[in-house]
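The structure under discussion appears below in the form of structure tokens.
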Amino acid sequence: MRQSDSVLKIKGIGEKTGKLLQKLGIETVGQLLQYYPRTYETYELPIPIADVKEGKTVTIEGSVIKSADVTRYRNLQVLTCIVKDPSGSIKLTWYNQPYLKNQLTMGTRHLFRGRVVRKKGVLCMEQPKQYKREEYVRLLPVLQPVYGLTEGLHNSTLSKAVKAALSECETEPEKLPAKIAKEHGLISHRLALTEIHFPKGKDTVAEARRRLVFEEFFRFMLLLDHYKEQKSREPNHCPMTKTEKCNEFLKRLPYELTGAQKRVWGEILADLAGGGTMSRLVQGDVGSGKTVLALLSMLAAAEAGYQAALMAPTEVLARQHMAEAVRMFEPFGYETVLLTGSMTAAQKKKAYAQIASGEARMIIGTQALFQEKVEYQKLGLVITDEQHRFGVRQRELLSEKGEHPHILVMSATPIPRTLAIILYGDLDISVVDELPKGRKPIRNCVVGTGYRETAYRFIQKQLAKGNQAYVICAMVEDSETTEAENVLDYTEQLREALGPAVTVEYMHGKLPAKEKTERMNRFAEGEIQVLVSTTVIEVGVNVPNATVMLIENAERFGLAQLHQLRGRVGRGAEESYCIMISSSEAPETMERLEILNKSNDGFFIAGEDLRLRGPGDLFGVRQSGEMEFAIGDIYADAKLLQEVSETVKGLSKKETEQLYQLWYAEETNKVIRDMAESI
Ligand code: ADP
Ligand code: MG
């Protein structure tokens, strides 16, 4: 069996599992092997029931003292039973697994392992797994891989499939030159794969990870190098020199640009009119006012007779930009169209026609913008907003829609400059390092769960003043279903706490796009006062009247992500507040969160994060949504990234190009296909 073979070739994987794997983006054996564990579970000895604590995953051993019972709650079947040991008893709950009932009869003695939560004030264990004693004893010394899952797919199914793939799949030739592997003391790719999925211990998993991260960064650096090389040879195919309309636009703005905005705008203009194609990254902390720079650039493109495309990472954000653009461009008479995946076929068709004929000068949308069907008449500028959600490849594909259009990338990911230079090696960098005047710094606090009631009362007071609030729920489990459940439950709880006079609504990734937009609009218009959401609102959303951001389970987020979330408030003239509720009061957690408490500066936070976590923090909180790495972590693995960067720089031009071909030739087609399918 080869890595390019379908996963269906693996023993034990049928159509049904194949479909589920497809949902995770796994179709080939190679992709399965590259679907690395998210973390590892270590098993400990069972603890007395009297000692279980909220928020922890623990194992208990006891007997069922009341046979299991199934009830219905909304569209869920809830199975519960009570388990007792000499120290006490606890309720266990399972969702949509009514068939477990037969195994949980009175007197059954088992070990149960699961997360302890508080429901209606009482501790209970959710979705525990059951083990016989012999079975559990065997698990004690090993690290068990924990994979990201999708509904209907069990961790054990995935781990069995990986095991089978590892034993049946032939070893592919090494792509990393032997010389480099040796110099950096890297184990073989094959060994690394085996160890990352089924580690013998913590040391071997670290070695395995180091090899895989090195390789991933190496690939990435090759790509950057390739683009940089290509771009440095590109002259300016789309010169944009007129600025009358832009000046007019600036005059109409209700505010003056900050010094930093002016400087960056100057840099962009120089690129647009200069001798080469622009490839520029605009970095600026949340709220520094990057959107207006994007709109100005679009106007410059339109004035020079080109089309400009602005791509946002989410539907919500695309629609928000659209609304703003329509309003701002209104006096200039340029047609602005929206293109997103959730539009109806007829709407899309109309948009395609407008884009192809050139009638649409400004095009705003999601990834749908670079679907194959979209043809531009004269695309001269491509802007991607909140770039960290897009890969370098995606950016490149969009630019292939035009004749070497200028590329502008907006990012609020605050990464230290040294890292930025490595990661955005193919781009020139501008920094908007100044916030608009009159912003009051956000007031922060980090508190334990005991403060929740007080926080609710505080929110009530803010609402009474006519302000609005966001509440962010962390994902408790990985599956999207539980994520939605969690938000629903929380919303109910909050409605009860705040009373019927307050409109509380929820938002999560699984809602249909139309619903999301509709709710976002109602929130923007003040109809919804409190929005309970998952991190779908993390990027870009701008509702200046919202003054409170309450983040539950703050300890589960990376610092950069928390900073992004917090950036949703403090956008208006009023004092804003960010309340981070942590379920863990462990000193490391508190120290980490304290950084956010002390500072509102994204760059400082990113630097501190790096310092605190250090390289090789294998079991730490992973930064999510940052770069497109499957395993590498730009913060935790910063040293390795530097090492790789130097290694690639040390290669000759010929070596780099050969290696680039080796790594990317087959890939290119696949990326295009995947992207077309993802829309
Ligand atoms: P981000 O950099 O996070 O994308 P936005 O572009 O969304 O920030 O801007 C945040 C808010 O600040 C918006 O409401 C925008 O209208 C406002 N804004 C932008 N520039 C200025 C400025 N120079 N003075 C005052 N307000 C500004
Ligand atoms: Mg923005």
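Values reported hereafter were calculated over all heavy atoms of this structure, with side chains retained and with hydrogens, waters and symmetry mates removed. Order of appearance sets the numbers: ligands from 1, and atoms from 1 within every ligand.
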Subject >> Whether Phe249 and Phe329 hold their rings parallel, tilted or perpendicular, with breakpoints at 30° and 60° >> reply: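 Tilted, since the angle between the ring planes falls between 30° and 60°.
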Can you confirm, on distance only, whether ligand 1 has an N/O atom lying under 3.5 Å from any N/O atom belonging to [X]?
{"X": "Pro544", "value": "no"}
{"X": "Glu324", "value": "no"}
{"X": "Gly287", "value": "yes"}

Subject >> Proximity winner for atom 13 (C) of ligand 1, if only heavy atoms of Asp385, Asn542, Leu253 are counted >> reply: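 Of the listed residues, Asn542 has the closest heavy atom.
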Subject >> N-O pairing of Arg452 and Glu552 below 4.0 Å >> reply: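 Yes, Arg452 and Glu552 are salt-bridged.
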Subject >> Electrostatic pair Glu588:Arg592 at N-O distance under 4.0 angstrom >> reply: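 Salt bridge between Glu588 and Arg592, a charged N being under 4.0 Å from a carboxylate O: no.
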Ligand 1 atoms in contact with [X] (distance to a heavy atom under 4.0 Å):
{"X": "Val286", "answer": "3 (O)"}
{"X": "Thr291", "answer": "4 (O), 5 (P), 6 (O), 7 (O)"}
{"X": "Leu257", "answer": "23 (N)"}
{"X": "Thr258", "answer": "23 (N)"}
{"X": "Gly289", "answer": "1 (P), 2 (O), 5 (P), 6 (O), 8 (O), 9 (O), 19 (C)"}

Please state which part of [X] comes within less than 4.0 Å of ligand 1, counting heavy atoms only: side chain, backbone, both or neither.
{"X": "Glu256", "result": "backbone"}
{"X": "Met410", "result": "neither"}
{"X": "Arg439", "result": "side chain"}

Original post:
Is it the case that Arg519 places NZ or CZ above or below the six-membered ring of Tyr506, under 6.0 angstrom from the centre and within 45 degrees of the axis?
Top reply: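 So Arg519 does make the cation-pi contact.
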Subject >> Tyr306 six-ring centre to Lys378 NZ/CZ under 6.0 Å and within 45° of normal >> reply: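 Yes, Lys378 and Tyr306 form such a contact.
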Original post:
With a 6.0 Å cut-off on ring centres, are Tyr470 and Phe523 close enough?
Top reply: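 Here the rings of Phe523 and Tyr470 have centres that are less than 6.0 Å from each other.
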Original post:
For His563 and Asp601, does a side-chain donor sit closer than 3.5 Å to a side-chain acceptor?
Top reply: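 No.
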Subject >> Qualifying residue, where the test is side chain to side chain contact (heavy atoms under 4.5 Å, CB included) with Leu427 and the options are Val409, Leu224, Leu408 >> reply: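 With Leu427 as partner, Val409, Leu224, Leu408 yield a single side chain to side chain contact (heavy atoms under 4.5 Å, CB included), made by Val409.
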**OP:** Scan Leu269, Ile268, Asp271, Leu310 and name whichever one has a side chain to side chain contact (heavy atoms under 4.5 Å, CB included) with Ser297.
**Re:**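 Testing Ser297 for a side chain to side chain contact (heavy atoms under 4.5 Å, CB included) against Leu269, Ile268, Asp271, Leu310 leaves exactly one candidate, Ile268.
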Original post:
With a 4.0 Å cut-off on heavy atoms, is Gly284 touching ligand 1?
Top reply: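 Flag not set, Gly284 not near ligand 1.
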